[in-house]
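Ligands are counted one by one from 1 in listed order, and the atoms in each one are counted from 1 as well.
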Amino acid sequence: MATLYESFQIGDLVVPNRIVMAPLTRSRANEQCEPTDLAVTYYTQRATAGLIISEASQISQQGQGYICTPGIYTEGQVKGWRRVTDAVHAAGGRMCLQLWHVGRISHTHFQPHQAPPVAPSAIRAQAKVFIPSGFEDCSMPRALETAEIAELVKSYAQAAQNAKQAGFDMIELHGANGYLIDQFLRDQSNQRTDAFGGSIENRMRFPLQVVDALCQVYPSHRVGIRLSPAATVHDADDSDPLTLFSELVRQLGQRRLGYLHLVEGQTLGPRDWRPAVDLGRLKKIFRASGGLSVIANNGYDRQMAERAVEDGSADMIAFGVPFIANPDLVARLQHGYPLNQADSSTFYKGGAKGYTDYPFYAA
Ligand code: 8OZ
């Protein structure tokens, strides 16, 4: 029987424990969307995690939908991230970069030449984005031309190259939470009539082309993917999510991806959301078809996490909010030390406050 505090191997990458730092948007990049020295401190403080997954990082300016999120498409951003990974490695840690394109969950404010955001179809998301003037409706997107899709795949591949140059041990494709990859998968947001829309096979085409491109840059066991099959955040919806995601995870498993990172239930919400989307079945299909491991996420506490690893329902557990407030979360869970409580008012702003100033446990 495995335990949460034992080492695990994802392909050739040994992680000393099964506790993963979840990707967490913290909105502290500079004007050029570069991680700063503060990010170096923040991630290094958390280097005892079995694996750190970075905050979502846009692969291009077009892929941005939030203020002060870091990118991985300029030299300055790569340099900034290199400082982070060097420091995390020096502290004994391992780090994965999450590759992000928001698609229609954006606003003209963020886009090159204030153009409309791009999406599979010209359907506006019923969701809000935060721009300097406050919360606004997402802008009306334009549908990507068929010929543009190959360019977009190349942008992902370039971002993966940049991640490699920045020293990341792994990359994770952000396929969750209603962003671009999820928009292509689901029939509510994808109403294309070309080879990238319609049947499940067609709707998976772009996401799988991206995965295949990433696996040309990193070995497949160093590539993970995050999915939220049951979630409906950011106007994500599908007429038959269980069939869709069953087929997708089978395809991903066949590619021998390093891990499937599942948000269980509703993102930032209840775990029992849409129970008909059988997540146990999705994990089983992914593993049986060749996928290397499963990371589970969403509202886990110590006892739930220990049980999930012991009963084999997940290989690793990703913690979000607890890692914001507890840089030494691994030691606290392992020894049963009390946890610091997170201050949600500083999740998305505030410099060092609520970012690098949470105390380590002192007996
Ligand atoms: C919280 C705030 C902004 C972005 C996601 C990247 O939902 C995010 C995100 C979360 O995956």
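Proximity of the aromatic rings of Y156 and W100 is defined here by a centroid distance below 6.0 angstrom, and this criterion is not met.
Scanning all protein heavy atoms for the shortest distance to atom 9 (C) of ligand 1 gives T25 OG1, 3.4 Å. The closest protein non-hydrogen atom to atom 8 (C) of ligand 1 is Y179 OH, 3.4 Å.
Residue-ligand proximity: R226 is placed with every non-hydrogen atom at 4.0 Å or more from ligand 1. Residue contact check for ligand 1: F347 places no non-hydrogen atom closer than 4.0 Å to it.
Between E264 and R271, at least one side-chain nitrogen of the basic residue sits less than 4.0 Å from a carboxylate oxygen of the acidic one, meeting the salt-bridge criterion.
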Can I get a per-line list of side-chain donor-acceptor pairs under 3.5 Å for residues 127-139, giving both atom names and the distance, sequence neighbours left out?
unit_1: K128; atom_1: NZ; unit_2: D137; atom_2: OD1; d: 2.9
unit_1: S139; atom_1: OG; unit_2: T108; atom_2: N; d: 2.9

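Looking at Y66 next to ligand 1, no N or O pair under 3.5 Å apart turns up.
Of the possible donor and acceptor atoms, none in the side chain of R287 sits under 3.5 Å from a partner among the backbone N and O of L292.
Both tests pass for R28 against the ring of Y355: distance under 6.0 Å to the centre and angle within 45° of the axis.
Which parts of ligand 1 touch Y348 is read off a 4.0 Å heavy-atom cut-off, strictly below it: atoms 1 (C), 2 (C). Which parts of ligand 1 touch N177 is read off a 4.0 Å heavy-atom cut-off, strictly below it: atoms 5 (C), 7 (O), 11 (O).
Only the side chain of H174 comes within contact range of ligand 1, with a heavy atom under 4.0 Å; no backbone atom does.
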query = Run the ring pair (Phe, Tyr, Trp, His ring centres under 6.0 Å) check on H234 and Y179 step by step: do they pass?
reply = CA-CA 8 Å; H234 299 135; Y179 299 117; 5.0 Å; yes
